[in-house]
Amino acid sequence: MKLSSGFWQTYKEVPADAEIPSHRLMMRAGLIQKSAAGIYNYLPFLVRTIRKVEEIVRSEMDKISYEVTMSVVTPGELWKESGRWDVMGGEMLKFKDKRDRDLCISPTNEETITDIFRGVVKSYKNLPTSLYQINTKFRDEIRPRFGLMRGREFIMKDAYTFHADVECMDKTYQDFYDGYCKIFERMGFEYTVVEADAGAMAGPGCKTHEFQVVADTGEDEIIYCKENDYAANIEKAQTKRAKVDFETSDSTLTEVPTPGMATIEDVCNFLKKPQTHSLKSLVYTASYTGKKAREEDILIQLLGDDTLNEVKLKNFLGCDRVLPANDKKLKELGLPVGFIGPHGLTAELRILLDSAVNADAAYVAGALKVDVHYSGLVPSRDITAFETVDLRLSRKGDLTWDETGTVDVRRGIEVGHIFQLGDKYTTAMKATVLDKNGKAMAPLMGCYGLGITRTIAAAVEQNHDENGIIWPVNVAPYHVYFASIVKSDEYKTIAEEIYRELLSAGVEVVYDDRKAGPGFKFKDADLLGLPLRLVFGERNFKESGELEIVERKSGTKHTCKKEDVVSTLQKILSGLS
RNA sequence: CGGAACGUAGCGCAGUUUGGUAGCGCACUUCGCUGGGGGUGAAGGGGUCGGAGGUUCGAAUCCUCUCGUUCCGACCA
């Protein structure tokens, strides 16, 4: 591509709302253009990268799955059939056609694929079945941000598999797991696979893993332990606290005045006790939908310096959502904010004690009266009824569950997520096949997502410096930025020859033949981040008859004769990742 | 959905408090000089100040409504 006749514009400044490097750099490098909140137009250079990522994904998927393309607009009936029309709620973009029929833009495709499957497969003999697509999705995220990282419209590879039994589902799951590893390795990522929470997608007990690209700006927190190879999303992570010193000497239940002290910190400082000698009380309301729709108020007891993991709470209760009680709710229950405790409750509350709490130790806790706390509260003695359950949020310095290692935290970008779904959709949508005995059975399903555009954002997030993007070779829009900085017609002709030679040799090259100074071109080259920059300058060429090649990532410089340009470039490229 | 802020040229911003000719930097166009890290001089083009209504002799500026965007929180394959 020749830049003089090309469509490309870079920028020194970008909109103030671009916060993270990948968003800023993609804007500055002229790769994307915002169309609406969380919706972007993909410009030519980015489209080439998208194609490359798609091809890497395709080549691995084609080994284990068939590619299909599902409709982007899907009928509401399918979602009503699976029961998700109402459950998906806000993030599904719904609308009506001129005949007043419900439609939506696919935020995900379990329903569609199950519909496709049941229309074709009638026998166990066709199992396992594995289908995938690469397509645009739309999720009306409440808060899109960070450019392609969390857009509302995005490109995703999603695959779905159907199985007669668990063994088969496990085997296919492993195939996708391995395939994903290959994909992310080929893209040159530093990534990690973590245990994840399945959320609303799958039933309990089903496997699910996330593929996380390591990056400080990632939105997810990963708990990991090098020694014993443990890694889990913080939502899922189960760890134990490092040794806690419990209070056992003074266990006389005593009221202590704590005027105006409504935080653990204040109370513990005042009483000169470590926060681990206090209990944090949190009040949540759990909602259950469906046939047994109801609400339940929960009082949670954590060690004073621990944080609640809401996902664990939700999973333990098996409810559809949990919400922290607001002031109004607390008033209804007669609970004074800042002085809530588990002893002497009058309201109907289900009490959950975090498993890190030693039920036989003594604690400081709210006394249910404004400006009063208890000291010497012993849960096993002073709380009428409670359940013990792991609810705390893991954190750095914790021990692994088997206590063989210490965990650390780092941030990641979720670029892939694989699930075992069980028979949730096949049962709900009556996608049954006949088994060996001629009996109808609902196949088990797996589903496997990989965000193409998010992966690209992650690639930039992980590969950039202060001057711009540094594309890994396999996903770079082009391989070589050919900056011609010659002036005279004579040399321009030579530059043109070199460009034509590169083209005919099949080198993926951008030819910067614009009327601009060298500095300008070098800045643009760095910003765009192609792996190699080939410089043709009169000064060097006159002196030595050589051109210069600079590696974007390392800054390493090479020189070569004009006739060796193609072979030298190819040689350097083959050594890069 | 709760809280907050912001909409002035393609982008970044000033002007709004105290109503009176719509500005600056980058980008863009033309010409010249320059030519190894966004160089430089001159001359240009581009804005119904998000929209609607109101107050006023006069509104980017004051008032009301509305739309859009962003931030914090909650939410989230």
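Owing to the predicted nature of the structure, the values given are computational and were not obtained by experimental measurement.
Listed nucleotides C76(B), A77(B), G35(B) differ in distance to Lys487(A); the shortest reach to its side chain belongs to G35(B). When the nucleotides A77(B), G12(B), C75(B) are ranked by their closest atom to the side chain of Glu13(A), G12(B) comes out on top. Of the candidate nucleotides A77(B), G38(B), C71(B), A77(B) has the atom nearest to the side chain of Arg139(A). Comparing U69(B), C76(B), G36(B) by their closest approach to the side chain of Asn540(A) singles out G36(B). When distances run from any side-chain atom of Gln9(A) to the nucleotides G37(B), C71(B), C28(B), the shortest one goes to C28(B). Nearest nucleotide to the side chain of Phe419(A), out of A77(B), G37(B), U69(B): A77(B). When distances are taken from the side chain of Glu110(A) to each of A77(B), C76(B), C71(B), the shortest belongs to A77(B). Taking every side-chain heavy atom of Asp524(A) into account, G38(B) is the closest of G36(B), G38(B), A77(B). Distances were taken from every side-chain heavy atom of Phe522(A) (C-beta onward) to each of G37(B), A27(B), U70(B); the shortest belongs to G37(B). Picking from G12(B), A77(B), A74(B) the nucleotide with the shortest atom distance to the side chain of Pro15(A) gives G12(B).
When heavy atoms are screened at a 4.0 angstrom cut-off, Arg533(A) is found touching base atoms of the nucleic acid. Ala483(A) comes within 4.0 angstrom of nothing in the nucleic acid, heavy atoms only. Contact annotation for Arg454(A): no contact, since no heavy-atom pair falls under 4.0 Å across all strands. Contact annotation for Asp140(A): no contact, since no heavy-atom pair falls under 4.0 Å across all strands. Residue contacts shown for Glu310(A) are limited to sugar-phosphate atoms, with no base heavy atom under 4.0 Å away. Tyr284(A) comes within contact range of no nucleotide atom at all, as no heavy-atom separation falls under 4.0 Å. Heavy atoms of Glu548(A) sit under 4.0 angstrom from at least one base atom. When heavy atoms are screened at a 4.0 angstrom cut-off, Val535(A) is found touching base atoms of the nucleic acid. Glu414(A) comes within 4.0 angstrom of the backbone, heavy atoms only, and of no base. When heavy atoms are screened at a 4.0 angstrom cut-off, Leu527(A) is found touching base atoms of the nucleic acid.
With a cut-off of 3.5 Å on both pairing distances, the Watson-Crick or G-U wobble partner of G12(B) is C24(B). The partner of G46(B) cannot be assigned: no Watson-Crick or G-U wobble pair with both contacts below 3.5 Å exists in any strand. Under the Watson-Crick and G-U wobble criteria, each requiring two contacts below 3.5 Å, nucleotide G68(B) is paired to C6(B). The base-pairing partner of C31(B), taking Watson-Crick or G-U wobble contacts with both distances under 3.5 Å, is G41(B).
Between Glu67(A) and Arg58(A) there is a salt bridge, since a side-chain N of the basic residue sits under 4.0 Å from a carboxylate O of the acidic one. Between Glu414(A) and Arg150(A) there is no salt bridge, since no side-chain N of the basic residue sits under 4.0 Å from a carboxylate O of the acidic one.
Between Phe520(A) atom CZ and U40(B) atom C1' the separation is 15 Å, expressed in whole Å. The separation between Lys557(A) atom NZ and G37(B) atom P is 10 Å, rounded to whole Å. Here G38(B) presents its C1' atom at 12 Å from CG of Asp512(A), a figure rounded to the nearest Å. Atom CG in Leu25(A) sits roughly 19 Å away from atom P in G38(B) (whole-Å rounding). If you take CD of Glu538(A) and P of G36(B), they are 10 Å apart, rounded to a whole angstrom. Rounded to whole angstrom, the span from the CG atom of Leu313(A) across to the P atom of C75(B) amounts to 11 Å. When the C1' atom of U70(B) is taken as reference, atom CZ of Arg150(A) falls 16 Å away, rounded to whole Å. Counting to the nearest Å, the C1' atom of G38(B) and the OH atom of Tyr481(A) are 11 Å from each other.
When each of Arg514(A), Arg28(A), Lys12(A) is checked for a salt bridge (charged side-chain N to carboxylate O under 4.0 Å, His left out) with Asp524(A), only Arg514(A) meets the rule. In summary, of the residues considered (Tyr191(A), Phe211(A), Phe189(A)), a side chain to side chain contact (heavy atoms under 4.5 Å, CB included) with Thr455(A) occurs for Phe189(A) alone. Lys280(A) pairs in a side chain to side chain contact (heavy atoms under 4.5 Å, CB included) with only one of the listed residues (Thr263(A), Ile264(A), Asp305(A)), which is Ile264(A).
One P atom belongs to A60(B), the other to A52(B), and the distance between them is 12 Å to the nearest Å. The P atoms of A43(B) and C57(B) are separated by 42 Å, rounded to the nearest whole Å. One C1' atom belongs to C26(B), the other to G46(B), and the distance between them is 15 Å to the nearest Å. With both ends at atom C1', the span from C6(B) to A14(B) equals 15 Å, rounded to whole Å. Between the C1' atoms of G12(B) and C28(B), the separation comes to 16 Å (whole Å). Rounded to a whole angstrom, the distance from the C1' atom of C11(B) to that of G38(B) is 15 Å. A gap of 24 Å separates the P atoms of A42(B) and G47(B), to the nearest Å. Taking the C1' atom of each, C33(B) and G15(B) are spaced 36 Å apart, rounded to whole Å.
With Tyr288(A) as the aromatic partner, Arg294(A) meets the cation-pi criteria of under 6.0 angstrom to the ring centre and within 45 degrees of the ring axis. Judged by the 6.0 Å distance and 45° axis criteria, Arg454(A) is not positioned over the aromatic ring of Phe154(A).
Both Pro144(A) and Phe541(A) lie close to RNA chain B; mapped to their nearest nucleotides by heavy-atom distance, the more 5′-ward contact belongs to Phe541(A). Heavy-atom distances to RNA chain B give each of Pro107(A) and Tyr11(A) a nearest nucleotide, and the one nearer the 5′ end belongs to Tyr11(A).
Contact between the side-chain N/O atoms of Lys34(A) and the OP1/OP2 oxygens of U70(B) is found at a separation under 4.0 Å.
Side-chain atoms of Gln174(A) and Asp178(A) include a donor-acceptor pair closer than 3.5 Å. A donor-acceptor contact under 3.5 angstrom links the side chains of Tyr40(A) and His23(A), judged on distance only.
The base of G38(B) lies close enough to the side chain of Arg28(A) for a donor and an acceptor atom to sit less than 3.5 Å apart.
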